[in-house]
Amino acid sequence: MEDSRVIMYHKQGYSARTLFLRLNDTVCHPKGLPSLSQVCESHIEEGQTVTYPSTLIADTEKQLGLSSGTLEIEGEFEAEVEAPDHPIHVYLARFTTTDPPYQQIENSAGKFIALTDARSLPPAELELLRRAYSFLMDD
């Protein structure tokens with residue numbers, strides 16, 4: 001089975017304010033990246049739709065206690081991380097709610113952070129957030 005992570009974000013419709021979900025000191029869910037991980041060049045061409053593990057979003061919603069349909073995959077974003085043991089595919093998912101689901105996320109000990117609040121994350125995660133933010137702003 002493919003080793004995958006998902007970065008989750010919420011973008012306000014009226015202001016475009018973008019917040020990322022940080023949970024257990026990582027923005028990669030269900031767990032952070034291994035030490036010495038490095039982000040590779042993307043093999044996704046502009047406009048190309050990516051294939052992601054079919055249960056990724058449903059499993060993530062269940063683990064976070066979210067309703068089905070709360071997360072939606074960004075079908076044109078994928079990043080690959082070179083980890084010591086094997087490659088890891090990283091996907092991007094959007095919260096479909098009007099406002100971030102603060103209460104449900106607090107129940108999981110998570111919080112929503114702005115890009116500027118991510119400085120303490122490992123370099124690979126910072127690079128993933130940079131790429132995700134760039135993708136979202138081009139949208």
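No experiment lies behind these values; they were computed from the predicted model shown.
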What verdict does the side-chain contact (heavy atoms from CB on, under 4.5 Å) test give for Leu71 and Arg94, after you've listed the backbone C-alpha separation in whole Å, the side-chain angles of each residue and the deciding distance to 0.1 Å?
CA-CA 5 Å; Leu71 290 171; Arg94 169 180 76 83; over 6 Å; no
Is there side-chain contact between Leu115 and Arg130, with at least one heavy-atom pair below 4.5 Å?
no
For the student: nearest non-hydrogen atoms of His86 and Asp3, plus distance:
NE2-OD2, 2.5 Å
Atom of Ser120, atom of Arg22 and distance for their closest heavy-atom approach:
OG-NH2, 3.1 Å
For the residue pair Leu19 and Tyr102, establish whether any side-chain heavy-atom pair is separated by less than 4.5 Å.
yes
Set of side-chain contact (heavy atoms from CB on, under 4.5 Å) partners for Leu23, sequence neighbours left out
His29, Leu64, Ser108
Heavy-atom side-chain contact between Ile105 and Leu21 under 4.5 Å:
yes
Just do the side-chain contact (heavy atoms from CB on, under 4.5 Å) check on Tyr9 and Glu74 with the steps written out, would you?
CA-CA 10 Å; Tyr9 77 95; Glu74 289 289 352; 2.3 Å; yes
I'd like to check the ring pair (Phe, Tyr, Trp, His ring centres under 6.0 Å) partners of Phe95; sequence neighbours left out, ordered by chain and number.
Phe112
Check whether the side chains of Ser67 and Glu61 place a donor and an acceptor atom closer than 3.5 Å, and report yes or no.
no
Does CD in Gln63 sit with more than 12 non-hydrogen atoms of other residues, nucleotides or ligands closer than 6.0 Å?
yes
So, the side chain of Thr96 versus the backbone of Thr70: is there a donor-acceptor pair under 3.5 Å, distance only?
yes
Only counting residues at least two apart or in another chain, list the ones meeting side-chain contact (heavy atoms from CB on, under 4.5 Å) with Glu82.
Cys40
Is the backbone N or O of Val81 less than 3.5 Å from a side-chain atom of His89, with the two atoms forming a donor-acceptor pair by type?
no
Check: Met8 and Cys28 side chains under 4.5 Å, non-hydrogen atoms
no
How long is the gap from NZ on Lys11 to CG on Leu136, to the nearest 0.5 Å?
5.5 Å
Between Gly65 and Gln104, the two heavy atoms sitting closest are O-CG, 4.2 Å
Greater than 12 external heavy atoms within 6.0 Å of Asp99's CG
yes
Are Leu92 and Val6 packed together at the side-chain level, in the sense that at least one heavy-atom pair is separated by less than 4.5 angstrom?
no
Taking all heavy atoms of Ala124 and all of Leu33, pick out the closest pair and write down the distance.
CB-CD1, 3.9 Å
Check whether any side-chain heavy atom of Leu66 sits under 4.5 Å from a side-chain heavy atom of Pro101, and report yes or no.
yes
All side-chain hydrogen bond (donor to acceptor under 3.5 Å, both in side chains) counterparts of Arg17, not counting sequence neighbours:
none
Please answer: with hydrophobic residues joined when any side-chain heavy atoms are less than 4.5 Å apart, are Phe77 and Met137 in the same cluster?
yes
Side-chain donor or acceptor of Arg5 paired with backbone N/O of Lys31 under 3.5 Å
yes
Could you tell me whether the side chain of Glu106 reaches within less than 4.5 Å of the side chain of Lys111, counting heavy atoms only?
no
Please round to the nearest 0.5 Å and tell me the distance separating atom CD of Glu78 and atom CZ of Phe135.
11.5 Å
Sub-3.5 Å donor-acceptor pair from the side chain of Ser15 to the main-chain atoms of Gly13, do we have one?
no
Criterion side-chain contact (heavy atoms from CB on, under 4.5 Å) on Val39 and Arg131, from CA distance to verdict:
CA-CA 10 Å; Val39 181; Arg131 289 184 185 197; 3.3 Å; yes
Sequence neighbours excluded, the answer for side-chain contact (heavy atoms from CB on, under 4.5 Å) partners of Ala83 is Pro34, Ser37, Ile88
Measuring only between side-chain heavy atoms, which start at C-beta, is Ile57 closer than 4.5 Å to Glu72?
no
Run the side-chain contact (heavy atoms from CB on, under 4.5 Å) test against Asp117 and tell me which residues pass, sequence neighbours left out.
Ile113, Ala114
Report the C-alpha separation of Val27 and Leu128 in whole Å, then their side-chain angles, then the decisive distance to 0.1 Å, and conclude whether the side-chain contact (heavy atoms from CB on, under 4.5 Å) test is met.
CA-CA 9 Å; Val27 292; Leu128 288 168; over 6 Å; no
